[in-house]
Amino acid sequence: MCSLVLQNPLTSFFEGAATAYGIGFTEVRWDQWGELALGGFSGLGAAALFLMTFIRNIWVCYAGYIVFKCLYMLLITIAMYQIAADLTMERYALVFGANNFGALALQTIITSVVVDSRGLGLGIIPQFTIYASYFSLIAVVFSLRGLFTIWRSDKEPTAAVRNDDTLSVYASSLAPYL
């Protein structure tokens, strides 16, 4: 059993920054694959939490914590990109402010219900089990939505294909002049 793995804020910052920096070098169509990636990374995060819950080796727990923290920072980065992709500059503050407020409210409710003695007042193992189950539920929802998005994009022709064809016809007509 792993008890609460203590975190160093500076180490967590560097882990998260390295993960978010690394995602910038990937060539992925996030509009098509983003939700499926969120589902997969949430599932891996749930697996890391379940691993930390039921393994009695502290080093495996630390490794699970590092994996979970990196995946969590990766999830935040992808989710922020997914939200920001469809926004105008004027709406960033409102949307991200409301998003952060909603996330903080949900985190406060879950923490007060699960941890607080006036709520359920659960021990460490049930807390980790609940949080891992929560991430598993998020993984299922995002994975289903991602699969639906991919299925829908395969069914209907995209505007990008038509634009590429138009662009290639336009470029080939200009080729003699270049």
Side-chain angles (χ1 to χ4, degrees), residues 1-24 28 30-54 61-150:
M1 166 192 84
C2 289
S3 62
L4 186 60
V5 179
L6 298 176
Q7 70 179 12
N8 180 346
L10 190 58
T11 305
S12 296
F13 169 76
F14 286 127
E15 292 165 357
T19 306
Y21 181 73
I23 199 70
V28 176
W30 291 109
D31 57 333
Q32 183 177 6
W33 296 97
E35 289 171 336
L36 193 61
L38 287 172
F41 292 137
S42 295
L44 290 173
L49 284 172
F50 276 124
L51 180 75
M52 288 190 297
T53 302
F54 298 114
C61 289
Y62 278 122
Y65 173 74
I66 290 170
V67 167
F68 176 76
K69 184 67 174 183
C70 289
L71 288 170
Y72 184 75
M73 289 293 126
L74 188 61
L75 285 169
I76 297 280
T77 303
I78 295 170
M80 292 288 191
Y81 173 78
Q82 291 287 90
I83 293 169
D86 297 327
L87 292 178
T88 61
M89 278 299 256
E90 295 83 23
R91 295 188 178 152
Y92 279 177
L94 175 65
V95 171
F96 286 121
N99 188 26
N100 284 334
F101 178 76
L104 184 60
L106 182 62
Q107 180 182 4
T108 302
I109 291 168
I110 290 173
T111 302
S112 64
V113 168
V114 172
V115 178
D116 193 19
S117 62
R118 290 174 286 183
L120 297 175
L122 300 174
I124 296 295
I125 299 293
Q127 286 178 31
F128 270 68
T129 304
I130 286 174
Y131 294 136
S133 301
Y134 175 70
F135 270 87
S136 298
L137 178 67
I138 289 172
V140 168
V141 169
F142 275 123
S143 295
L144 290 175
R145 175 69 180 153
L147 289 172
F148 175 74
T149 301
I150 291 168

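Being a predicted model, the structure only gives us computed values, none of them experimental. Only heavy atoms go into these numbers, but all of them, side chains included; no hydrogens, no water, no symmetry mates.
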Looking at residues at least two apart in the chain, or sitting in another chain, which of them share a side chain to side chain contact (heavy atoms under 4.5 Å, CB included) with L147? L36
Taking salt bridge (Lys or Arg N to Asp or Glu O under 4.0 Å) as the cut-off, I'd like each qualifying pair that reaches into residues 122-134, sequence neighbours left out, listed once. none
Atom pair SG/OH of C70 and Y65 - distance to nearest 0.5 Å: 9.5 Å
With sequence neighbours left out, the residues meeting side-chain hydrogen bond (donor to acceptor under 3.5 Å, both in side chains) with D116 are R118
For residues 95-112, the salt bridge (Lys or Arg N to Asp or Glu O under 4.0 Å) pairs (sequence neighbours left out) are none
More than 12 non-hydrogen atoms from neighbouring residues, nucleotides or ligands closer than 6.0 Å to OH on Y134, yes or no? no
Using the side-chain hydrogen bond (donor to acceptor under 3.5 Å, both in side chains) criterion, which residues pair with E90? Sequence neighbours excluded. T88
All side-chain hydrogen bond (donor to acceptor under 3.5 Å, both in side chains) counterparts of S112, not counting sequence neighbours: none
Might you confirm whether atom CZ of F68 has over 12 heavy atoms from other residues, nucleotides or ligands at distances under 6.0 Å? yes
Show me, pair by pair, the donor-acceptor contacts under 3.5 angstrom made by side chains of residues 136-143, not counting sequence neighbours?
from, atom 1, to, atom 2, distance (Å)
S136, OG, A132, O, 2.9
S143, OG, A139, O, 2.7

For A47, what residues pass the side chain to side chain contact (heavy atoms under 4.5 Å, CB included) criterion, not counting sequence neighbours? none
Within the structure provided, determine whether F96 and M80 are in side-chain contact (heavy-atom separation under 4.5 Å). yes
When rounded to the nearest 0.5 angstrom, what distance separates CG in L71 from CD1 in I76? 12.0 Å
L75: partners by side chain to side chain contact (heavy atoms under 4.5 Å, CB included), with sequence neighbours left out: L38, F41, S42, F135
Please identify each residue that fulfils salt bridge (Lys or Arg N to Asp or Glu O under 4.0 Å) with R91, with sequence neighbours left out. none
Provide the closest heavy-atom pair for F128 versus M52 in the form atom of the first, atom of the second, distance. CE2-CE, 3.8 Å
Do you know the tightest heavy-atom contact between A48 and V67? CB-CG1, 4.3 Å
When rounded to the nearest 0.5 Å, the distance separating CD1 of I110 from OH of Y131 is 7.0 Å
What residue pairs, at least two apart or across chains, pass salt bridge (Lys or Arg N to Asp or Glu O under 4.0 Å) with a residue in residues 92-106? none
Any residue meeting side chain to side chain contact (heavy atoms under 4.5 Å, CB included) with L122, in chain and number order, not counting sequence neighbours: V114, L120, P126, Q127, I130
